[in-house]
Trainee: 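What follows is a structure written as structure tokens; I'll ask about it next.
Chain identifiers are assigned alphabetically (A, B, ...) following the order of the sequence lines, protein sequences preceding nucleic acid strands; residue numbering begins at 1 within each chain. Computed over heavy atoms, backbone and side chain alike; hydrogens, waters and symmetry mates excluded.
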Amino acid sequence: MSSVSQKIFLKMNYWLLKTEPGTYSWDDLVKKGSDMWDGVRNYQARNNIRQMKVGDMLLIYHSVKNQAVVGLATVIKEHYPDPTAKEGDWSVVDIKPVRKLAKPITLPEIKANTKLSQMVLLRNRRLSVQPVKKEEVSILENMAGEKFK
DNA sequence: GCCAACGTTGGC
DNA sequence: GCCAACGTTGGC
């Protein structure tokens with residue numbers, strides 16, 4: 001591994017993005033090729049968006065129906081003001097899909113794994129943009145049977 | 001479809 | 001600044 005790619009690897013952070021597939025699904029993102037992650041109207045979620053860097057890995061999670069991490073995406077443009085916000089101080093990032101997971105990681109599977117009991121997904125079910133710890137990523141990778149890169 | 005949990009708003 | 005009322009998210 002070159003020192004440059006090593007730096008990028010070390011700095012890369014992981015985030016989980018929730019979306020209701022009935023409104024906007026993984027397939028919609030794939031169809032678009034890339035998209036602006038807009039409509040976030042929660043301060044904590046917005047602050048997480050503002051911490052995202054180009055190259056960060058995003059776990060796309062379907063809420064409500066067939067709850068599962070279904071695919072991987074990546075940040076291609078760092079935060080800028082949300083053009084869909086009529087008022088307030090909101091931000092978006094641009095993202096693009098990387099690939100669908102061969103085997104989605106379902107919410108019941110995540111809940112069943114005691115090592116994942118501290119995940120924000122389980123502890124703050126309303127937060128739509130959340131950080132995922134490296135240790136949690138490793139466990140999720142094992143469950144999915146593939147590396148998230 | 002219900003409702004618990006949480007965030008936000010606004011009256012005081 | 002507290003907190004009741006309200007709105008929304010998302011698991012079940």
Trainee: For the residue pair A/Trp37 and A/Tyr24, is the inter-centroid distance of their aromatic rings smaller than 6.0 Å?
Mentor: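 A/Trp37 vs A/Tyr24: aromatic centres under 6.0 Å.
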Trainee: For A/Lys134 and A/Asn13, which heavy atoms make the closest approach, and how far apart are they?
Mentor: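 Residues A/Lys134 and A/Asn13, closest heavy atoms: NZ-OD1, 4.0 Å.
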Trainee: Side chain to side chain donor-acceptor pair (under 3.5 Å), that's the test. Do A/Asp56 and A/Trp15 meet it? Break it down for me.
Mentor: CA-CA 8 Å; A/Asp56 279 1; A/Trp15 309 91; 2.9 Å; yes
Trainee: When the distance from CZ of A/Arg41 to P of C/dG10 is rounded to whole Å, what number comes out?
Mentor: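 Rounding to the nearest Å, CZ of A/Arg41 and P of C/dG10 are 15 Å apart.
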Trainee: Atom CZ of A/Arg123 to atom P of B/dA5: distance rounded to whole Å?
Mentor: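 Answer to the nearest Å: 14 Å.
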Trainee: Taking side chain to side chain donor-acceptor pair (under 3.5 Å) as the criterion, tell me which of A/Asp27, A/Thr23, A/Asp28 meets it with A/Ser25.
Mentor: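 The passing option is A/Asp28.
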Trainee: Please state how far atom CD1 in A/Ile110 lies from atom C1' in C/dG10, giving the value in whole angstrom units.
Mentor: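 Answer to the nearest Å: 14 Å.
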Trainee: From B/dT8, C/dC12, C/dG11, pick the nucleotide closest to the side chain of A/Asn42?
Mentor: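 The listed nucleotide nearest to A/Asn42's side chain is B/dT8.
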Trainee: Using OP1 and OP2 only, check whether a side-chain N or O of A/Tyr61 sits under 4.0 Å from C/dT9.
Mentor: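 No, A/Tyr61 has no side-chain N/O under 4.0 Å of OP1/OP2 on C/dT9.
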Trainee: Could you pick out which residue, A/Tyr43 or A/Arg125, lies toward the 5' side of DNA chain B when each is mapped onto its nearest nucleotide?
Mentor: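 Upstream on the strand: A/Arg125.
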Trainee: Rounded to the nearest angstrom, tell me the gap between atom CG in A/Leu127 and atom P in C/dG10.
Mentor: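 To the nearest whole Å, that distance equals 9 Å.
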Trainee: Rounded to the nearest Å, what distance is computed from the CD atom of residue A/Gln130 to the C1' atom of nucleotide C/dG10?
Mentor: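 Atom-to-atom, A/Gln130 to C/dG10, this comes out as 12 Å.
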Trainee: Side chain of A/Arg126: nearest nucleotide among C/dC12, C/dG10, C/dT8?
Mentor: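 Nearest nucleotide to the side chain: C/dT8.
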Trainee: Both A/Asn124 and A/Val64 contact DNA chain B. Which one's nearest nucleotide lies toward the 5' end?
Mentor: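 Upstream on the strand: A/Val64.
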Trainee: Does C/dT9 have OP1 or OP2 under 4.0 Å away from a side-chain N or O of A/Lys18?
Mentor: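 No, no such contact exists.
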Trainee: In whole angstrom, what separates A/Gln44's CD from B/dC6's P?
Mentor: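 Distance check: A/Gln44 CD to B/dC6 P gives 11 Å.
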Trainee: Verify side chain to side chain contact (heavy atoms under 4.5 Å, CB included) between A/Lys111 and A/Leu122, making sure each step is shown before the conclusion.
Mentor: CA-CA 7 Å; A/Lys111 292 182 88 167; A/Leu122 303 182; 3.6 Å; yes
Trainee: Can you check the A/Met119 CE to C/dG11 C1' distance for me, whole Å?
Mentor: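 Going from CE in A/Met119 over to C1' in C/dG11 covers 16 Å.
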Trainee: A/Glu20 CD to C/dT8 P: how many Å, rounded?
Mentor: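 Taking atom P of C/dT8 as the reference, CD of A/Glu20 is at 13 Å.
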